Amino acid sequence: MNARRLLLVLLPALLLGCQRQPGQTAASTSGPPPAAPAQPGGRVLRIFMWSDYIDPQVVKDFEKQNGVRVIIDTYESNEAMLAKLQGGGSSYDLANPSNYFIQAMLRARLLQPLQTGLIPNFKNVAAGFLNPGYDPGNRYTVPYQYAATGLAYNAARYTPPSQSWSLIFGPSDTVKFVLLDDPREVIGAALKYLGYSVNSASVPQLRAARDLLRKVVAKRGFLGFDGGPGTRNRLLAGDIDLGQIYVGDLLQGAAENKALKVFLPKEGTTISTDTLVLLAGAPNPALARRFIDTVLAPKVSAAISNYTSYGNPNAAARPYLDPLLRDNPAFNPPQADLKSGKVEFIEELPPGKPPRLYDRIWSELKSR
Ligand code: N2P
């Protein structure tokens, strides 16, 4: 926790001069009696979430309506999220993993059942997002937002001659570009460019993806790996021509600068659902469920997507979605492309050799 956050958490207690230690009762506290607890319970809700992934007004309203403080710490990859949670020492209530990290979090005993029966707005989840393969019966997850991954450019400095991954994966070395700092996205895009599944577990196919990516990261125009917001900012600053990016992160920048554009490459691409999960050690599970219930309310859910430009799995939110977003194929990939697998959901790899192969490819790419 940084100093500012620490101060925000401690401030009410410091002002009252009566910070109560664990196990200390009101009767044994000297000085003025403690103020009535904020509703419900005068607590802090701590959320670990992808960066730039919520409308801050939604958080402020939740704090006000419930008399609580919400602290959101952010990350830019599932790997970073899992490493921090596995390292312990953090007392988050909620986290925001992608669908293909749920089983790994369960194996690491990081999750507790959500009990969606206690979350009335769960009824708003669109049928296509219910009972997913990564979490049968929605025992541990609700879908939060989803994101396809595209190629983005700044039209003020670069006009792509095609809508293809070949702009970066082809032989030419004339554009400056970055790739996402995300192994499944980068290896998945290379697999898709080669005509394979983004979830391939085939050794020859993965070798082909590795050989391609070795050449890609050796290009003069390759300027490194970055997160979604970092890539958006480099495009806004005009430092790069092209960037692989989670579509919503780019569309947030396009609201600021109309020259920022994004497309889903014609060979196909990855997509994933980011979820909300209740962590096993959550200090405030009831408040955490109340937060999930709030973000699943139709207008709140739509406000979040309208702010973040990310896909919305909430059927009741649809009427409130910005039509410009709703009708943008990069934001809302065509059903036919989802059905055909052209836009393909990243899934957890089968255990054993495949995850090790992906890890090996990724470590090699990152060590260059
Ligand atoms: C938010 C990125 C979320 C999409 N900045 C990654 N699945």
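Just so you know, ligand 1 is whichever comes first in the structure, and atom 1 is the first atom listed for that ligand. No experiment lies behind these values; they were computed from the predicted model shown.
Close approach of ligand 1 to D249 (heavy-atom distance below 4.0 Å) involves ligand atoms 1 (C), 2 (C), 5 (N). Atoms of ligand 1 lying under 4.0 Å from any heavy atom of D274, numbered from 1 in the order shown and given with element: 3 (C), 4 (C), 6 (C), 7 (N). Near S272, meaning under 4.0 Å from one of its heavy atoms, ligand 1 places the atoms 7 (N). Atoms of ligand 1 found under 4.0 Å from any heavy atom of S98 (numbered from 1 in listed order, with element): 7 (N). Atoms of ligand 1 found under 4.0 Å from any heavy atom of S51 (numbered from 1 in listed order, with element): 1 (C), 5 (N).
A 6.0 Å sphere centred on CZ of R318 holds no more than 12 heavy atoms belonging to other residues, nucleotides or ligands.
Classified by interplanar angle (parallel below 30°, tilted 30° to 60°, perpendicular above 60°), the ring pair F62/F291 is perpendicular.
Here's the thing with Y246: none of its N/O atoms is less than 3.5 angstrom from an N/O atom of ligand 1. Geometrically, ligand 1 and W50 share no nitrogen or oxygen pair separated by less than 3.5 Å.
A salt bridge between E364 and R360 is absent, with no side-chain N of the basic residue lying under 4.0 Å from a carboxylate O of the acidic one. Salt-bridge formation is not detected for the pair D239/K176: no Lys NZ or Arg NE/NH1/NH2 atom is positioned less than 4.0 Å from an Asp or Glu carboxylate oxygen. Using a 4.0 Å cut-off between charged side-chain N and carboxylate O, E348 and R107 make a salt bridge.
Of all protein heavy atoms, the one closest to atom 2 (C) of ligand 1 is Y310 OH, 3.4 Å.
Counting only distance, with no hydrogens or angles, the side chain of N314 and the backbone of S301 share no donor-acceptor pair below 3.5 Å.
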